[in-house]
Amino acid sequence: MEAFVSRKKLKTTQQEDDEKEEEAHKRKGEVLVNLGNESQVLYIPKLFSFQDSSRYLKFLNNQIPWTRPTIRVFGRSVLQPRDTCYVGSAGITELVYSGYKPEAHSWDDYPPLQEIREAVHRALPGSYFNTVLLNRYKAGDDYVGWHADDEKLYGPTPEIASVSFGCERDFLLKKKPDKTSKARKTEGEASSMQRKKNACSYQHSFTLKHGSLLVMKGYTQRDWLHSVPKRAKADSVRINLTFRHVL
Ligand SMILES: O=C(O)CCC(=O)C(=O)O
Ligand SMILES: [Fe+2]
């Protein structure tokens, strides 16, 4: 009985701490979502002013050597549905995703990218990013499908900082299917009402604004998938930069 009470108390303290942290971010106009099991997402809507964001968008759109590579998806070669470029420090482990190994360009050639990285470092004390993967979505039919950035070179709990410029697009998160038999059994026993309720907390969506920063932390890449789906109404270019730390 005693053990049960103290466990319950411990959980309450954790929840209280989470709520306090969420409140502190809210006061700054930010959103912190605790996804459970030590996964969090932080959204800062205005890391950059409108003017700076527009200047960066123009620079990136015109000066980055964009490519649209052929990638492998479920054993088939397909054109990636967005443009890409990769920038990283010399000597880092090579990145390979969907059978594609992007060439790492040098930070030295893109001072505005270094400026953006410094702003991200200031916003996230203690963070350090040595690579950035850039994506350009020309319009609403460019997208990124469901995936996790769970490549080994980032380690088990990577912090991924995602900066967006240009057209607003939806960023979705959904929980990976739970593999443990205990979880399957609990889900099987749940009433349809409970299942609906659970489903809600297993999906989140953010509209990523011009000049915003979204950070995925903790075990988000292990336990969750994310995507930027097609949107018929998105009629202009969006550029997204995901800063990552290669170990
Ligand atoms: O464009 C975005 O917001 C997400 C991009 C992304 O998930 C990725 O590059 O891995
Ligand atoms: Fe991603």
Side-chain angles (χ1 to χ4, degrees), residues 14-15 18-19 21-23 25-26 28-47 73 80-82 84 97-98 120 123-124 127 129 132-135 137 140-152 154-180 183-184 186-187 190 194-234 238-245:
Q14 180 62 49
Q15 278 174 342
D18 285 356
E19 278 165 22
E21 206 186 352
E22 285 161 16
E23 273 304 316
H25 283 284
K26 224 186 208 169
K28 292 194 274 179
E30 304 172 358
V31 182
L32 176 72
V33 180
N34 276 296
L35 301 170
N37 292 320
E38 298 175 58
S39 299
Q40 300 96 18
V41 174
L42 172 65
Y43 180 58
I44 302 178
K46 202 176 168 115
L47 182 68
V73 181
Q80 184 179 272
R82 62 194 179 283
T84 285
Y97 70 90
S98 307
V120 172
L124 306 173
S127 66
F129 301 103
V132 61
L133 186 65
L134 299 95
N135 283 303
Y137 306 79
D141 52 359
D142 280 357
Y143 68 99
V144 60
W146 288 112
H147 70 281
D149 298 308
D150 53 3
E151 288 83 7
K152 278 212 176 78
Y154 302 127
T157 55
E159 184 175 28
I160 296 185
S162 159
V163 174
S164 297
F165 298 117
C167 188
E168 286 181 7
R169 293 287 294 263
D170 293 330
F171 176 87
L172 313 181
L173 281 152
K174 76 171 177 190
K175 188 106 172 30
K176 287 185 190 175
D178 215 319
K179 287 201 190 92
T180 68
R184 269 202 300 269
T186 313
E187 174 73 2
Q194 276 170 329
R195 268 200 296 274
K196 258 188 207 145
K197 210 172 142 205
N198 288 345
C200 292
S201 60
Y202 288 146
Q203 289 192 24
H204 296 270
S205 112
F206 298 84
T207 303
L208 300 185
K209 292 191 187 296
H210 187 44
S212 68
L213 170 66
L214 178 133
V215 192
M216 295 181 272
K217 296 196 276 192
Y219 288 104
T220 306
Q221 303 310 317
R222 184 192 65 186
D223 295 347
W224 294 75
L225 299 169
H226 56 274
S227 69
V228 175
K230 287 187 184 191
R231 286 288 182 255
K233 285 186 182 146
R238 166 178 186 262
I239 291 179
N240 175 264
L241 283 55
T242 44
F243 292 89
R244 303 138 186 257
H245 179 85

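Taking CZ of Phe206 as the reference point, atom CG of Leu172 lies at 10.5 Å (rounded to 0.5 Å). One finds the CE atom of Met216 at 12.5 Å from the CH2 atom of Trp224 (value rounded to the nearest 0.5 Å). Taking CG of Leu35 as the reference point, atom CD of Gln40 lies at 7.5 Å (rounded to 0.5 Å). Within the model, atoms CD of Glu38 and CZ of Arg222 stand 7.5 Å from one another, a figure rounded to the nearest 0.5 Å. Atoms CG and OG, on Leu42 and Ser162 in that order, are 11.5 Å from each other to the nearest 0.5 Å. Here the OG1-CD1 distance, from Thr242 to Ile160, works out to 6.5 Å after rounding to the nearest 0.5 Å.
A donor-acceptor distance shorter than 3.5 angstrom exists from the side chain of Tyr43 to the backbone of Thr207, with no hydrogens or angles considered. In this structure, Ser39 contributes its side chain and Thr220 its backbone to a donor-acceptor pair below 3.5 Å. In this structure a side-chain-to-backbone donor-acceptor pair under 3.5 Å is present from Asn240 to Val163.
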Full working for side chain to side chain contact (heavy atoms under 4.5 Å, CB included) between Arg238 and Ser164 = CA-CA 7 Å; Arg238 166 178 186 262; Ser164 297; 2.8 Å; yes

In sequence, state the C-alpha distance, the side-chain angles, and the governing distance for Leu124 and Phe129, and then conclude on side chain to side chain contact (heavy atoms under 4.5 Å, CB included).
-> CA-CA 11 Å; Leu124 306 173; Phe129 301 103; 4.3 Å; yes

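His245 pairs by the side-chain contact (heavy atoms from CB on, under 4.5 Å) definition with Tyr128, Asn130, Leu247, not counting sequence neighbours. Listed by chain and number, the residues in a ring-ring contact (aromatic ring centres under 6.0 Å, His included) with Tyr143 amount to none (sequence neighbours excluded). Residues passing the ring-ring contact (aromatic ring centres under 6.0 Å, His included) test with Tyr219: none are found, sequence neighbours excluded. With sequence neighbours excluded, the residues forming a side-chain hydrogen bond (donor to acceptor under 3.5 Å, both in side chains) with Tyr154 are Arg244, listed by chain and number. For Glu22, the side-chain hydrogen bond (donor to acceptor under 3.5 Å, both in side chains) partners at least two apart in sequence or on another chain are Asn34. For Val73, the side-chain contact (heavy atoms from CB on, under 4.5 Å) test picks out Ile71, Val78, with sequence neighbours left out. Every residue two or more places apart in sequence or in another chain that forms a salt bridge (Lys or Arg N to Asp or Glu O under 4.0 Å) with Lys209 is listed here: Glu168. With sequence neighbours left out, Ser227 forms a side-chain hydrogen bond (donor to acceptor under 3.5 Å, both in side chains) with no residue at all. Partners of Asp149 under the side-chain hydrogen bond (donor to acceptor under 3.5 Å, both in side chains) rule, at least two apart in sequence or in another chain, are His147, His226. Take Arg231 and apply the salt bridge (Lys or Arg N to Asp or Glu O under 4.0 Å) test, not counting sequence neighbours, and it matches Asp170. The side-chain contact (heavy atoms from CB on, under 4.5 Å) test applied to Ala148 returns Asp150, Lys176, Gln221, Leu225, not counting sequence neighbours.
When all heavy atoms are compared, the tightest approach of Pro45 to Gly29 is CD-O, 3.2 Å. Closest heavy-atom contact between Val215 and Leu213: CG2-CG, 3.9 Å. Here the shortest heavy-atom pairing between Leu47 and Ala123 reads CD1-CB, 3.6 Å. Summarising the geometry of Tyr137 relative to Arg82, their closest heavy-atom pair is CE2-CD, 3.7 Å, with the distance given to 0.1 Å. The two residues Gly155 and Pro158 make their nearest non-hydrogen contact at O-CD, 3.4 Å. Nearest heavy atoms, His210 versus Gly166: ND1-N, 2.9 Å.
Side chains of Val228 and Arg169 form a contact here, defined as non-hydrogen atoms less than 4.5 Å apart. Looking only at side-chain heavy atoms (C-beta outward), Val41 and Leu214 come within less than 4.5 Å of each other.
For CG of Asn37, the number of neighbouring non-hydrogen atoms (other residues, nucleotides, ligands) closer than 6.0 Å is 12 at most.
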